[in-house]
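Below: one structure, written as structure tokens.
Since this is a predicted model, take the numbers as computed values, not measurements. Every heavy atom of this structure was used, including side-chain atoms; hydrogens, water molecules and symmetry mates were not.
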Amino acid sequence: MFKDLSTGFGWARRPLISWMGTEMPSTIPVTILYGQRTWMNIAAGRQMAADLARTRPVNFEVVSAAGHNLFVDNKEEFNHLLVEGLKGRLRTVSPLPPNVTQS
């Protein structure tokens, strides 16, 4: 399955940021969870959250003591944040002004 979702050295064939802001209805809130020790770029995740927050409610949380498989590494915190996100109880990300990016 991973082979079908990625190319070359593991780059996503279709990164979330390339379609989430345009193909997903803006009425759908988004909760983004990253593991504290993930190999993925957390700053890029925060950037994506701030960009998406221009058009929809977005939550961004980092699961402590977890790597990329945060749902395995810290299932208690993952489950808690997932449920709170579904209930709309997490802090919403502030959007960046148009044409501004985080450094």
Side-chain angles (χ1 to χ4, degrees):
M1 183 171 136
F2 182 75
K3 182 180 176 201
D4 292 333
L5 298 174
S6 62
T7 62
F9 295 103
W11 295 104
R13 286 187 194 268
R14 197 162 174 231
L16 287 175
I17 193 62
S18 69
W19 62 268
M20 190 177 280
T22 57
E23 295 180 27
M24 195 168 86
S26 62
T27 55
I28 299 174
V30 174
T31 297
I32 300 170
L33 301 175
Y34 272 74
Q36 180 182 22
R37 298 184 315 257
T38 186
W39 55 267
M40 294 180 63
N41 185 336
I42 294 176
R46 289 186 198 281
Q47 175 72 48
M48 179 175 67
D51 289 345
L52 288 171
R54 293 176 177 148
T55 60
R56 72 187 68 249
V58 178
N59 307 309
F60 183 90
E61 300 289 337
V62 176
V63 177
S64 63
H68 184 65
N69 295 313
L70 52 146
F71 51 90
V72 173
D73 298 336
N74 189 344
K75 62 183 176 275
E76 293 82 10
E77 186 174 346
F78 171 82
N79 289 337
H80 171 75
L81 290 171
L82 180 63
V83 169
E84 292 301 298
L86 291 170
K87 290 180 178 180
R89 294 183 182 164
L90 296 177
R91 182 176 46 91
T92 304
V93 172
S94 298
L96 291 175
N99 302 318
V100 173
T101 59
Q102 292 178 336
S103 54

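When all heavy atoms of Ser26 and Pro57 are compared, the closest pair comes out as O-CD, 4.2 Å. Minimum heavy-atom separation, Asn74 to Ala66: CB-CB, 4.2 Å. Val62 and Arg46 make their closest contact through CG2-NH2, 3.7 Å (heavy atoms, listed as atom of the first residue, atom of the second, distance). When every heavy atom of Thr31 is checked against every heavy atom of Asn59, the shortest pair comes out as OG1-ND2, 3.1 Å. Scanning both residues, Ala53 and Val93, for their nearest heavy atoms gives CB-O, 3.6 Å.
By the criterion of side-chain heavy atoms lying less than 4.5 angstrom apart, applied directly or through intervening Ile, Leu, Val, Met, Phe, Trp or Tyr residues, Met40 is grouped together with Val58 in one hydrophobic cluster.
The structure places CZ of Arg37 at 9.0 Å from OG of Ser64, a figure rounded to the nearest 0.5 Å. Here the CZ-CD distance, from Arg91 to Glu84, works out to 14.0 Å after rounding to the nearest 0.5 Å.
Think of Leu90 as one node in a network of Ile, Leu, Val, Met, Phe, Trp and Tyr side chains linked at under 4.5 Å; its network also takes in Leu33, Val63, Leu70, Phe71, Val72, Phe78, Leu81, Leu82, Leu86.
At least one donor-acceptor pair closer than 3.5 Å links the side chain of Arg56 to the backbone N or O of Pro25.
Between Ile42 and Phe60, the closest side-chain pair of non-hydrogen atoms falls below 4.5 Å.
Qualifying ring pair (Phe, Tyr, Trp, His ring centres under 6.0 Å) partners for His68, counting only residues two or more places apart in sequence or in other chains: Trp39.
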